[in-house]
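Side chains included, hydrogens not; waters and symmetry mates left out as well; all remaining heavy atoms used. We count ligands from 1, going down the list as the structure has it; atoms in each ligand are counted the same way.
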Amino acid sequence: MTPAEIERVRRRLTELRAEVEGAGAVAVRAEDIGPVPSAADEDEAPFREMDQSIASSRNRVRADQLLRIVDAERRLEEDPDSFGLCAKCEEEIPPRRLELLPFVRYCVSCQSAAESKSAKPVRKKVMDYHE
Ligand SMILES: [Zn+2]
């Protein structure tokens, strides 16, 4: 990557990090949990638990994003020469892709290969011949 491209990616990472950090953790506020439920409120309890688990899964996604951004910043700092190279095939990741998703570690084809592999259920060999 050219120094200008590196600079662009660095700026983009800073922006993204500010975005993720600025959004903050999804707080589970005391008023959402509400007072200790009386007998009449018991039906609502499962919904409240659902809300809380949605909030915490959002937090997980955000924490995961932040981790990837910080990791990319570190890689860019420590080894700008190999930043932008696919971690698998070592081909250059197109600058356009890096600009959009500066924390990606794989080129499009390695990424989609990895995703389709993990998305497909593992089929037993015998099943292939009994359709
Ligand atoms: Zn690759």
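Side-chain N or O atoms of Arg12 include one that pairs as donor or acceptor with a backbone N or O of Leu100 at under 3.5 Å.
Note that the CG atom of Asp81 and the CD1 atom of Ile6 stand 7.0 Å from one another [nearest 0.5 Å]. Distance check, rounded to the nearest 0.5 Å: CZ of Arg96 to CG of Leu101 gives 10.0 Å.
Around CD of Glu91, the count of heavy atoms belonging to other residues, nucleotides or ligands within 6.0 Å does not exceed 12. The neighbour count for Glu92 CD, taken as heavy atoms of other residues, nucleotides or ligands under 6.0 Å away, does not exceed 12.
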Walk me through it: do Asp79 and Arg75 pass the test salt bridge (Lys or Arg N to Asp or Glu O under 4.0 Å)?
-> CA-CA 6 Å; Asp79 197 1; Arg75 284 185 287 120; over 6 Å; no

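The Zn ion (ligand 1) has Cys86 SG, Cys89 SG, Cys107 SG, Cys110 SG as protein N, O or S atoms under 2.8 Å away.
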